[in-house]
Amino acid sequence: MHTVDATQLIADIASLATIVEPGSRGTTRRAFTDAYRTSRTWVRACMQAAGLDVHMDAGGNLIGRYPGLRPDAPVIMLGSHTDTVMEGGRYDGAIGVLGAIAVVRALQTHGMRLQHTIEVVDFMAEESTPLGSLIGSTAMAQGFSDEFLRRQVPDWGDVASCIASMGGNPNVLTRALRTTGTIGAYLELHIEQGPVLEAANVPIGVVTGIVGIRRCDIICRGRPDHAGTAGMHHRHDALAVAADVIRAAEHAAHARPGTVATVGALTLAPNQTNVVPGYVRFSLEMRSVHWPEVVAIWDECMHALHTAAAQRGVHVEVTPYEDSPPLTFAPWYTALVADAVAPWSPTVLHLPSGAGHDGSMIGLIAPVAMIFVRTKDGRSHCPEEFAADADIVAGVNALLHAVCALDQTLG
Ligand code: HGY
Ligand code: MN
Ligand code: MN
């Protein structure tokens, strides 16, 4: 049974982890930053060194191709993302891109030319920024509205300019870059970012699907006033409105086991001890594997927002910018992945993903499956994020075997 070059893989993960925004804690390499641009130059070179023909598509996705014997057959697509959250970890996304490159390196080393072309993709801007998330995979599988491309975001600019700054071409992104039938199957290796595999004491697992996520941006415009002389009944306190929404989101998710809701980003003005906040901008997201629960949490939060705003004479603007419905992976595909995982794990565990992934967009045009790697303490999106080398190597070897099985299975 062929395996990948573990030494090179672990070295690649360590090298990529050095390319971060200066002065940041953990691994910070946000989309559209200079550090991200530098890292993609490194990823392109890594792909080329592994024998991949590399190009960037109009959505800013870096794509390395390893041609198959049947050039007209649908491709087998592997990949993930290399952008990170603020003060994140070095494994989220990175092991999926570098693991896929390691798989192609192994195919080359063992002189294996498959029937299907392999595409290794570093999807652009998977992580959530004020511009949105899943930018590259949405460009590939769905396209954007003109309104979304033109949306102006303070401190970031508009989406189209940001995509162009990474080498993409926003002028052709109002329709999907790829269509159903061109990708025979998409397979992503990723850290679990949760506690399940560690609790079961297994290194890798088979993912059954991806959670549904709704995200929006909310602006509250009240009135700045003197904190000492503005009576409590005369205030238009924007932050008090946001506080009601934060409590409502927490309460609504607690009431629905298995769901989550988060206000993760918030800015206020003038942000001064002795001034009543006149302006607040914050994010709101909610997730569930059952979409009606996402909608129910949304409705409770919107009711709390508009009630609180009316009570305080505060004007609110709500901009929904992401609705990715839950995705359940096809049983034929999770069965194939389970067979590939089995040699590398004492038991084969199936589990859903509470994290979002590019696969939820690629699932619009191709079958999707994922392999998870155990995450220490179930923690991610923080400097403490950790996955053991042996577990990562087990996951990439399972990825290699799933690719070979796909090559035999796909038409
Ligand atoms: O937000 C998520 O679940 C993913 O890490 N982008
Ligand atoms: Mn992430
Ligand atoms: Mn990720």
Side-chain angles (χ1 to χ4, degrees), residues 4-52 54-56 60-64 66 78-106 118-127 129 135-137 166-167 188-193 355 357-358 370-376 379-397 399-400:
V4 298
D5 178 346
T7 307
Q8 182 65 53
L9 168 63
I10 298 306
D12 287 347
I13 294 170
S15 298
L16 180 56
T18 65
I19 308 174
V20 292
E21 292 174 48
S24 58
R25 283 180 66 240
T27 305
T28 303
R29 194 172 50 239
R30 289 170 298 166
F32 310 114
T33 61
D34 290 341
Y36 185 53
R37 262 181 280 278
T38 303
S39 73
R40 298 197 106 213
T41 303
W42 183 91
V43 171
R44 179 187 285 265
C46 189
M47 286 182 172
Q48 286 165 335
L52 289 158
V54 187
H55 74 282
M56 180 178 282
N61 301 306
L62 215 44
I63 302 173
Y66 180 60
L78 310 176
S80 191
H81 62 95
T82 55
D83 60 311
T84 74
V85 296
M86 281 288 287
E87 303 183 359
R90 64 171 57 187
Y91 303 97
D92 176 357
I95 70 164
V97 174
L98 300 178
I101 294 171
V103 164
V104 170
R105 204 181 279 132
I118 304 291
E119 284 190 351
V120 174
V121 183
D122 174 6
F123 284 105
M124 188 180 71
E126 186 274 344
E127 292 291 1
T129 69
I135 301 280
S137 49
M166 292 299 302
E188 179 170 352
L189 177 84
H190 203 285
I191 51 171
E192 177 200 342
Q193 302 176 294
H357 299 284
D358 289 303
M370 294 183 72
I371 298 170
F372 268 173
V373 172
R374 174 168 43 189
T375 314
K376 186 171 181 312
R379 297 204 53 207
S380 180
H381 281 189
C382 58
E384 294 77 13
E385 179 184 284
F386 180 79
D389 292 352
D391 293 355
I392 296 170
V393 173
V396 178
N397 281 326
L399 187 70
L400 171 61

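All of these numbers come straight from a predicted model, not from anything done at the bench.
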Asker: Taking all heavy atoms of M166 and all of F32, pick out the closest pair and write down the distance.
Answerer: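 Result for this residue pair: CG-CD2, 3.5 Å.
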Asker: Which residues pass the side-chain hydrogen bond (donor to acceptor under 3.5 Å, both in side chains) test with S137, sequence neighbours left out?
Answerer: D358
Asker: For D391, check side-chain hydrogen bond (donor to acceptor under 3.5 Å, both in side chains) against everything at least two apart and list the hits.
Answerer: R374
Asker: Should D12 and W42 be marked as a side chain to side chain contact (heavy atoms under 4.5 Å, CB included) after you check the CA-CA gap, both sets of side-chain angles, and the distance that decides it?
Answerer: CA-CA 10 Å; D12 287 347; W42 183 91; 4.0 Å; yes
Asker: Identify the two heavy atoms, one from T129 and one from A31, that lie closest to each other, and give their separation to 0.1 Å.
Answerer: CG2-CB, 4.5 Å
Asker: Check side-chain contact (heavy atoms from CB on, under 4.5 Å) between A35 and all other residues, then give those that pass, not counting sequence neighbours.
Answerer: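 Scan of A35 (side-chain contact (heavy atoms from CB on, under 4.5 Å), adjacent residues dropped) gives E21, R29, T33.
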Asker: List in chain and number order the residues that pass salt bridge (charged side-chain N to carboxylate O under 4.0 Å, His left out) with E119, two or more places apart in sequence or in another chain; answer none if no residue qualifies.
Answerer: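 In terms of salt bridge (charged side-chain N to carboxylate O under 4.0 Å, His left out), with neighbours along the sequence ignored, E119 is linked to R65, R178.
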Asker: Which pair of non-hydrogen atoms, one from G136 and one from F123, has the smallest distance, and what is that distance?
Answerer: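 Looking at all heavy atoms of both residues, the shortest contact is C-CD2, 4.2 Å.
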Asker: Just to verify, what does R44 make a salt bridge (charged side-chain N to carboxylate O under 4.0 Å, His left out) with, not counting sequence neighbours?
Answerer: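 R44: no salt bridge (charged side-chain N to carboxylate O under 4.0 Å, His left out) contacts found.
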Asker: Would you please test M86 and R30 for side chain to side chain contact (heavy atoms under 4.5 Å, CB included) and show each step?
Answerer: CA-CA 7 Å; M86 281 288 287; R30 289 170 298 166; 3.3 Å; yes
Asker: Using 0.5 Å steps for rounding, measure from the OG1 atom of T27 to the OH atom of Y91.
Answerer: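 Spacing of OG1 (T27) from OH (Y91) equals 8.5 Å.
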Asker: Roughly how far apart are I101 CD1 and D5 CG, rounded to 0.5 Å?
Answerer: 13.0 Å
Asker: With side chain to side chain contact (heavy atoms under 4.5 Å, CB included) as the criterion, how do M56 and M124 come out once you've worked through the C-alpha distance, each side chain's angles and the decisive distance to 0.1 Å?
Answerer: CA-CA 10 Å; M56 180 178 282; M124 188 180 71; over 6 Å; no
Asker: Can you name the residues that form a ring-ring contact (aromatic ring centres under 6.0 Å, His included) with H190, not counting sequence neighbours?
Answerer: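 For H190, the residues satisfying ring-ring contact (aromatic ring centres under 6.0 Å, His included) (neighbours in sequence not counted) are H81, H357.
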Asker: Residues two or more places apart in sequence or in another chain: which of them pass side-chain contact (heavy atoms from CB on, under 4.5 Å) with A102?
Answerer: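 By the side-chain contact (heavy atoms from CB on, under 4.5 Å) rule, A102 matches V4, L9, R105, V396.
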Asker: Report the distance from atom CD1 of I19 to atom OG1 of T38, rounding to the nearest 0.5 Å.
Answerer: 7.0 Å
Asker: The criterion is side-chain contact (heavy atoms from CB on, under 4.5 Å); which residues satisfy it with A94, sequence neighbours excluded?
Answerer: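 Testing A94 for side-chain contact (heavy atoms from CB on, under 4.5 Å), a comparison that skips the adjacent residues, returns L16.
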Asker: Report the distance from atom CG of L399 to atom CG of L78, rounding to the nearest 0.5 Å.
Answerer: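 CG of L78 is found 5.5 Å from CG of L399.
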Asker: Going by side-chain hydrogen bond (donor to acceptor under 3.5 Å, both in side chains), name the residues that satisfy it together with S39, two or more places apart in sequence or in a different chain.
Answerer: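 Result, side-chain hydrogen bond (donor to acceptor under 3.5 Å, both in side chains) vs S39: none returned.
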Asker: Does a side chain donor of either E188 or S80 reach within less than 3.5 Å of an acceptor in the other side chain?
Answerer: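 Present: a donor and an acceptor within the cut-off.
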Asker: For the residue pair A106 and L400, what are the closest heavy atoms and their distance?
Answerer: CB-CD2, 4.2 Å
Asker: In chain order, what residues pass the salt bridge (charged side-chain N to carboxylate O under 4.0 Å, His left out) check against D83, with sequence neighbours excluded?
Answerer: none
Asker: Might you point out which heavy atoms bring V373 and A387 nearest each other, and give the distance in Å?
Answerer: CG1-CB, 4.2 Å
Asker: Side chains of S380 and E385: is there a donor and an acceptor less than 3.5 Å apart?
Answerer: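 On atom types as modelled, these side chains qualify, holding a pair under 3.5 Å.
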Asker: Kindly write out the residues that satisfy side-chain hydrogen bond (donor to acceptor under 3.5 Å, both in side chains) with R40, not counting sequence neighbours, or none if the list is empty.
Answerer: Y36, D122
Asker: Is F372 close to Q193 at the side-chain level, that is, under 4.5 Å between some pair of heavy atoms?
Answerer: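 A side-chain contact is absent here, since even the closest heavy-atom pair is not under 4.5 Å.
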Asker: Run the side-chain contact (heavy atoms from CB on, under 4.5 Å) test against D389 and tell me which residues pass, sequence neighbours left out.
Answerer: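 Result, side-chain contact (heavy atoms from CB on, under 4.5 Å) vs D389: I10.
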Asker: Which pair of non-hydrogen atoms, one from V120 and one from V97, has the smallest distance, and what is that distance?
Answerer: CG1-O, 4.1 Å
Asker: Are L189 and I95 close enough that some pair of their side-chain heavy atoms sits under 4.5 Å apart?
Answerer: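 They are in contact (side-chain heavy atoms under 4.5 Å apart), so the answer is yes.
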